[in-house]
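By convention in this document, chain letters (A, B, ...) are assigned in the order of the sequence lines, proteins followed by strands, and residues within each chain are numbered from 1. Predicted model, so just to flag it, every value in this text is computed and none were measured.
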Amino acid sequence: MMREPTAFEQRVYDLLNRIPKGKVVTYKEMAHALDCGSAQAIGQALKRNPYAPEVPCHRVIKTDGNIGGYSGETGGAKLRKKLKLLASEGVKFDSGGSLVSQDVVYRFSDES
DNA sequence: CGCAGATGGCTAG
DNA sequence: CTAGCCATCTGCG
């Protein structure tokens, strides 16, 4: 299995790295930021996440403001601890894994 | 509200 | 070029 990050994946990870501390992005946002329009592709790149600890995949949430499958089964109970850690940065999530403050949802497009 | 199907784009060989 | 994949999204009853 060639786990080498491809152009698209690198773009996704780069975007995650662009996310300021205490902020999260929705799959749709990333998709749009990548000019693709497909969150599915994002999920794939994140799931593969060769940069696991370097890429804040936990900062990527669904359009509903949910963590997604990361805290569901793809991640792990330990992730719950991370959510709390994120809360320290400003990204507060619910015990279920839903974003509490949509206010932390970051936007790639800088439009005022 | 809840479920199911459809969708779009990505990866690999 | 083809096939399979995905942590999604959207619509409908």
Are there any protein N/O atoms within less than 3.5 Å of an N/O atom in nucleotides 1-7 of chain B, and if so, which ones and at what distance?
residue, atom, partner, partner atom, Å
B:dT7, O2, A:Gln40, NE2, 3.1

Could I get a table of every N or O pair under 3.5 Å where one atom is in the protein and the other is in nucleotides 10-13 of chain C?
residue, atom, partner, partner atom, Å
C:dT10, OP1, A:Lys28, NZ, 3.0

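The side chain of A:Lys47 lies closest to C:dA7 when the candidates are B:dA12, C:dA7, C:dT8.
Side chain of A:Ser101 to main chain of A:Val104: no donor-acceptor pair is present (N/O by atom type, distance under 3.5 Å, no hydrogens or angles). Put simply, the side chain of A:Tyr13 gets close to the backbone of A:Ala45: a donor and an acceptor are under 3.5 Å apart.
Put simply, CZ on A:Arg11 and CZ on A:Arg18 are 9.5 Å apart, with the number rounded to the nearest 0.5 Å. Of the inter-residue distances, the one linking A:Glu4 atom CD with A:Glu9 atom CD reads 10.5 Å to the nearest 0.5 angstrom. A:Leu16 CG to A:Tyr51 OH: the interatomic distance, rounded to the nearest 0.5 Å, is 12.5 Å. A distance of 10.0 Å separates NZ of A:Lys28 from OG of A:Ser38, quoted to the nearest 0.5 Å.
The heavy-atom pair separating A:Cys57 from A:Leu46 by the smallest distance is CB-CD2, 3.9 Å.
Counting heavy atoms from C-beta outward, A:Phe93 and A:Arg80 have side chains that stay 4.5 Å or more apart.
If you take CZ of A:Arg48 and C1' of C:dC6, they are 9 Å apart, rounded to a whole angstrom. One interatomic measurement links the two molecules: NE2 of A:His58 to C1' of C:dA7, which rounds to 14 Å at whole-angstrom precision. In this structure, the CD1 atom of A:Ile61 is 13 Å from the C1' atom of C:dT8, given to the nearest Å. Here the C1' atom of nucleotide C:dA7 and the CE atom of A:Met30 are 12 Å apart, to the nearest Å. Between A:Ile42 atom CD1 and C:dC5 atom P there is a gap of 20 Å when expressed in whole angstrom units. Taking atom CD1 of A:Ile67 as the reference point, atom P of C:dA7 lies 15 Å away to the nearest angstrom. Summarising the geometry, the separation between CG on A:Asn66 and P on C:dT8 is reported as 10 Å, rounded to the nearest angstrom. In this structure, A:Leu46 atom CG and B:dG9 atom C1' are separated by 14 Å, rounded to whole Å.
Taking a 6.0 Å sphere around NZ of A:Lys23, one finds it holds more than 12 heavy atoms contributed by other residues, nucleotides or ligands.
Secondary-structure stems of DNA chain B, taken as three or more successive Watson-Crick or G-U wobble pairs (i with j, i+1 with j-1) under a 3.5 Å distance threshold, comprise B:1-6 with C:8-13, B:8-13 with C:1-6.
Of the candidates A:Glu29, A:Glu89, A:Glu54, A:Arg59 forms a salt bridge (Lys or Arg N to Asp or Glu O under 4.0 Å) with just one, namely A:Glu89.
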Query raised in the report: How far apart are the C-alpha atoms of A:Leu15 and A:Val25, what are their side-chain angles, what is the distance that settles it, and do they pass the side-chain contact (heavy atoms from CB on, under 4.5 Å) test?
Result: CA-CA 9 Å; A:Leu15 265 138; A:Val25 229; over 6 Å; no
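Across all strands, A:Tyr27 comes closer than 4.0 Å to base atoms (heavy-atom distances).
Atom name C1', nucleotides C:dA7 and B:dG13: the rounded distance is 25 Å, in whole Å.
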